[in-house]
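So the structure is just underneath, and the comments pick up after that.
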Amino acid sequence: MSESSPVTTLRGKRILLGVTGSIAAYKAADLVRQLKKAGAEVQVLMTDYATKFIPEITLATLSGQSVLNDLFESGDTKAWTKHITLGHWADLFLIAPTTAQTLAKLASGFSDNMLTATALAARCPVLVCPAMDHDMYLHPAVVSNIERLAELGYHILPPEHGELASGMVGMGRLPNVETIVEHVSMHLKKTLDGKRALVTAGPTQEPIDPVRVLTNPSTGTMGFALAQELAHRGAQVTLIAGPTLLSTPVGVDRVNVTTSAEMLQSVLSHKDADYIFMAAAVADYTPVKTHALKLKKQKDEIVVHLQKTTDILAQLGQLRSDDQLLVGFAMETGNGLEHAQKKLEQKNLDWIVLNDLHDEGAGFGTETNRVTLISKDGACYPMETMPKQEVASALLDHILVHCE
Ligand code: CTP
């Protein structure tokens, strides 16, 4: 079992986990743990055969909920409609492992146990993870049941090739728990297919002379994490990056810039994006004059005259359309909420993400971040300290839910 912290965030998601009678049912214990660790609420449903492979008490303890198995549990007059309420409650119904028997029942619309009846009542996506022996998996009846399920709108996570419980090697192995959780997360995320996103990241450098610049310690990690997360969700992402050592996330178009003036030009040529996240630490001042030759250190003191740069985000706020989403960042060192709220209003934003450099785990160059998300309606959502990739995911989950 992996003890590493999950990269996936499923905070507040409600997941039904159906477990059927395969030897791989033992993996359901780790699956419940990882789903819970990622923040999901988990309700386990088991078939009778599944309880022969793993005791109900194990999954009940790990999920913190009684396991449901019988359509007609005694003692509760409402019990027989439980499959309906569960089917409406869940954000996703995951069936892992799914035996050939349950595949056949689902493909034919059977409702002879709690799991299959709930699948019929489910309004949420159902993700089926077949697991069985090689020859069973390749049998035409099983192949056609899987095809039928796909036609009916079920989502299928195919098994992997590898060592099987029978001792044979072949197709049929349940994918590892991390892979399943990653798929759960993908299915729960709002898809951004067809949407264009613009993200800025990193510092800018303002040249004083050919060998000296004014800059700041931003590494660009937060912006790169956001770009990656947006691309994962299907958006067409342009990342305008100041000087940083980070590599480009897969599927993201990167434009490298150095100065705030270059960033302004590049941002303006992408200003029609559906979502804009201005995470760059843009210099507020730039030297009035850039010396063509290196300044020689003749004097004890020198004065460099600076002038204000254009506030790129404020320009975007003026040019924006109503159906565009504009998100800014605020880096503060005191009175954070007040300053961030002022920036949100003055720059005409939908959201601002507040970082306070004094908060532990927040700021430049840290692996983690601690942010407060503030909406234009004045609502504040403080978040826990998390790795920056998780912060990016949580920010998007939150913002996108509010755009629906
Ligand atoms: N920003 C920008 N162009 C600038 C300066 C800032 O687009 N020339 C953007 C940043 O990318 C960020 C937001 O404005 O999204 C707030 O930046 P921040 O540095 O926190 O605040 P400033 O508006 O620069 O104000 P101050 O430095 O006085 O806090």
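Please read all numbers here as calculations on a predicted model, not as lab measurements. First listed ligand is number 1; within each ligand, the first listed atom is number 1.
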What protein heavy atom is closest to atom 15 (O) of ligand 1, reported as residue, atom name and distance in Å? Met278 O, 2.7 Å
Output yes when Glu229 and Lys388 qualify as a salt bridge under the 4.0 Å nitrogen-oxygen rule, no when they do not. no
Against heavy atoms of Ala283, which atoms of ligand 1 measure under 4.0 Å? 8 (N)
Atom 2 (C) of ligand 1 [closest protein heavy-atom partner, distance rounded to 0.1 Å]: Asp311 OD1, 3.4 Å
Can you find a protein heavy atom closer to atom 19 (O) of ligand 1 than 4.0 Å? no
Side chain or backbone, does Ala281 bring an N or O within less than 3.5 Å of an N or O on ligand 1? no
Does the Arg212 side chain pair with the main chain of Leu295, one donor and one acceptor, at a distance under 3.5 Å? yes
Any donor-acceptor N/O pair, Thr99 side chain to Ser22 backbone, under 3.5 Å: no
For ligand 1 and Leu313, I'd like to know whether there is a polar contact (N/O to N/O, distance under 3.5 Å). yes
Side chain or backbone, does Met331 bring an N or O within less than 3.5 Å of an N or O on ligand 1? yes
Identify the closest protein heavy atom to atom 11 (O) of ligand 1: which residue and atom is it, and at what distance? Ala280 O, 2.8 Å
What atoms of ligand 1 come closer than 4.0 angstrom to any heavy atom of Gly328? 15 (O)
Tell me which protein heavy atom sits closest to atom 27 (O) of ligand 1, plus the residue, atom name and distance to 0.1 Å. Asp284 OD2, 2.9 Å
Answer yes if the side chains of Glu206 and Thr204 hold a donor-acceptor pair under 3.5 Å, and no otherwise. yes
Counting non-hydrogen protein atoms only, what is the nearest one to atom 29 (O) of ligand 1? Give residue, atom name and distance. Lys343 NZ, 2.8 Å
Provide, to 0.1 Å, the distance between atom 3 (N) of ligand 1 and the closest protein heavy atom, together with that atom's residue and name. Ile312 N, 3.0 Å
Check: Thr309 side chain, Asp284 main-chain N or O, donor-acceptor pair, under 3.5 Å: yes
Nitrogen or oxygen of Lys347 less than 3.5 angstrom from that of ligand 1: yes
Lys/Arg-Asp/Glu bridge criterion (N-O < 4.0 Å) met for Asp209, Lys294: no
Is it true that Arg33 and Asp30 make a salt bridge, defined as a side-chain N closer than 4.0 Å to a carboxylate O? yes
Please identify which atoms of ligand 1 are closer than 4.0 Å to at least one heavy atom of Thr310. 3 (N), 4 (C), 8 (N)
Would you call Asp70 and Lys82 a salt bridge, taking side-chain N to carboxylate O under 4.0 Å as the test? no
Would you find a donor on one side and an acceptor on the other, under 3.5 Å apart, between the side chain of Lys13 and the backbone of Glu41? no
Within ligand 1, which atoms have a heavy atom of Ala330 less than 4.0 Å away? 20 (O)
Subset of ligand 1 atoms that lie under 4.0 Å from at least one heavy atom of Thr309: 8 (N)
Please state which protein non-hydrogen atom is closest to atom 13 (C) of ligand 1 and give its distance, to 0.1 Å? Phe329 O, 3.0 Å
Exactly one of Leu395, Thr372, Asn369, Val353 clears side-chain contact (heavy atoms from CB on, under 4.5 Å) with Met383, and that residue is Leu395
If the threshold is 4.0 Å, N to carboxylate O, is there a salt bridge linking Arg233 and Asp397? yes
